[in-house]
Protein chains: 2
Amino acid sequence: MIQNLNKHERESLHEALAKSGQKITPQREIVYTVLLAQRDHPTVDEVYNRALETMPGLSLATVYNCLETFVGCGLVRQVNHERESTRYCPNLAPHAHFRDESTGRVHDIELPKEILDQLTKILPANFETETIEISFQGRTKSSTQN
Amino acid sequence: MIQNLNKHERESLHEALAKSGQKITPQREIVYTVLLAQRDHPTVDEVYNRALETMPGLSLATVYNCLETFVGCGLVRQVNHERESTRYCPNLAPHAHFRDESTGRVHDIELPKEILDQLTKILPANFETETIEISFQGRTKSSTQN
DNA sequence: TTGAGATTTTGAATCATTCTAAACGAGTAA
DNA sequence: TTACTCGTTTAGAATGATTCAAAATCTCAA
Ligand SMILES: [Mn+2]
Ligand SMILES: [Mn+2]
Ligand SMILES: [Zn+2]
Ligand SMILES: [Zn+2]
């Protein structure tokens with residue numbers, strides 16, 4: 001089963017929501033809990049099915065709503081690969097994503113600040129960046145499968 | 001109107017198709033011509049509408065087919081941003097994309113080889129990359145609008 | 001306790017993309 | 001010429017993730 005949010009986690013949820021004038025609700029709390037519990041970049045349906053175990057009446061639309069809210073207040077990032085279902089990531093550190101094409105799994109890749117800096121430097125002077133997304137596609141060699 | 005392919009362009013089209021055992025057809029030639037004529041990363045619908053001016057009977061399904069064929073033989077790249085329609089890019093040089101959020105336009109950003117090299121170095125040893133995608137979102141300041 | 005405003009819920013609508021099956025066309029063998 | 005093969009194109013239906021609309025619930029300040 002899924003642990004509750006600890007004090008610090010509930011704090012950042014509350015703070016992020018409050019900052020954009022929104023409330024903590026049981027549904028939002030559970031959806032956020034699901035995201036933190038297993039950091040495998042779940043799709044909406046995966047979040048929905050995991051959350052159902054804790055709150056059987058929850059609706060899919062609400063999961064869409066909650067996730068959209070979280071993205072809107074900067075608590076969570078969307079991760080898109082090709083045309084697949086959007087995935088969600090609560091890791092707020094700057095990082096890239098690696099999608100293993102044989103398993104479909106998405107891994108976080110830590111992103112050195114210096115690379116981000118270099119990247120913004122390749123832009124023409126009048127281009128102002130708000131976000132940068134970096135995604136790798138490939139395979140992970142066996143051995144100790146990550 | 002749209003120029004025909006020049007000798008070199010028709011050559012790379014023929015070669016790329018032949019390499020994967022496929023033929024040049026009038027439809028493929030026109031779709032490829034449309035892509036080269038205006039390098040603004042058109043969507044399928046945009047390609048379709050531009051191609052219709054030259055070949056009125058062309059079907060949308062065929063445009064999907066042709067573009068998929070081109071992607072499959074490495075002639076063209078798909079460009080995805082968020083959940084929007086897929087766009088297509090015939091620029092084979094390594095490059096990133098910048099999406100201007102106020103206009104929706106997508107610009108090519110030249111990508112120094114050294115940055116690509118550095119990027120592959122941040123991966124764990126057992127991660128084998130096949131593709132890297134880098135995309136910026138932001139705005140272009142006015143003045144001489146690019 | 002009440003009313004306003006936010007949130008959730010259900011089910012329908014959207015729409016880019018994919019699928020299906022029939023028509024077509026170029027090339028080849030008979 | 002004719003018939004056959006196989007890849008391609010076409011029209012239209014199906015799919016499926018996401019969004020929308022409207023009614024039901026909830027929250028919370030007054
Ligand atoms: Mn692909
Ligand atoms: Mn967005
Ligand atoms: Zn992530
Ligand atoms: Zn491009």
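All heavy atoms count here, side chains included; hydrogens, waters and symmetry mates do not. By convention in this document, chain letters (A, B, ...) are assigned in the order of the sequence lines, proteins followed by strands, and residues within each chain are numbered from 1. No experiment lies behind these values; they were computed from the predicted model shown.
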Closest listed nucleotide, where the reference is the side chain of A:Y64 and the choices are C:dT18, D:dA17, D:dT8: D:dA17
Side-chain atoms of A:Q27 come closest, of C:dT17, C:dT9, D:dT18, to C:dT9
So what does A:T43 touch, heavy atoms closer than 4.0 Å: a base, only the sugar-phosphate, or nothing? nothing
Does the pair A:E84/A:R99 count as a salt bridge with the N-to-O cut at 4.0 Å? yes
Please work out if B:G21 contacts a base, only the sugar-phosphate, or nothing of the nucleic acid, heavy-atom cut-off 4.0 Å. nothing
d(CG, B:L58; C1', D:dT9) in whole Å: 9 Å
Side-chain donor or acceptor of A:E9 paired with backbone N/O of A:N6 under 3.5 Å: yes
When you measure from the side chain of B:A61, which nucleotide among C:dA16, D:dT9, C:dC19 comes out closest? C:dC19
Phosphate OP1/OP2 of C:dT8: any A:T25 side-chain N/O under 4.0 Å: yes
Closest non-hydrogen atom pair, B:H41 against B:E46: O-OE1, 4.3 Å
In whole angstroms, the gap separating P of C:dT7 from CG of A:L67 amounts to 15 Å
Regarding A:S85, tell me which of base, sugar-phosphate or nothing describes its non-hydrogen contacts under 4.0 Å with the strands shown. sugar-phosphate
Over how many whole Å does the gap from A:M55 atom CE to C:dT8 atom C1' extend? 10 Å
Does C:dT17 have OP1 or OP2 sitting under 4.0 Å from an N or O in the side chain of B:T86? yes
Would you kindly give the CG-to-P distance between B:N65 and C:dA23, to the nearest whole Å? 18 Å
Taking atom C1' of D:dT9 as reference, at what distance in whole Å does atom CD of B:E29 sit? 16 Å
Grab the CD1-C1' distance between A:I30 and C:dT7 for me, whole Å please. 14 Å
Figure out the CG/P separation between A:L17 and D:dT27, and round it to whole Å. 15 Å
Kindly say whether A:R50 contributes a backbone atom to a donor-acceptor pair with the side chain of A:T54 at under 3.5 angstrom? no
Counting only side-chain nitrogens and oxygens, does B:S59 get under 4.0 Å of the OP1 or OP2 atom of D:dT10? yes
Side-chain atoms of A:R83 come closest, of D:dA11, D:dT9, C:dT17, to C:dT17
In whole angstrom, give the distance that lies between atom CZ of B:R28 and atom P of C:dA26. 14 Å
Lys/Arg-Asp/Glu bridge criterion (N-O < 4.0 Å) met for A:R77, A:D108: no
The answer to which of B:K23 and A:C66 contacts DNA chain C further toward the 5' end, by nearest nucleotide, is A:C66
Using a heavy-atom cut-off of under 4.0 Å over every strand shown, decide if B:Q22 touches base, sugar-phosphate, or nothing. sugar-phosphate
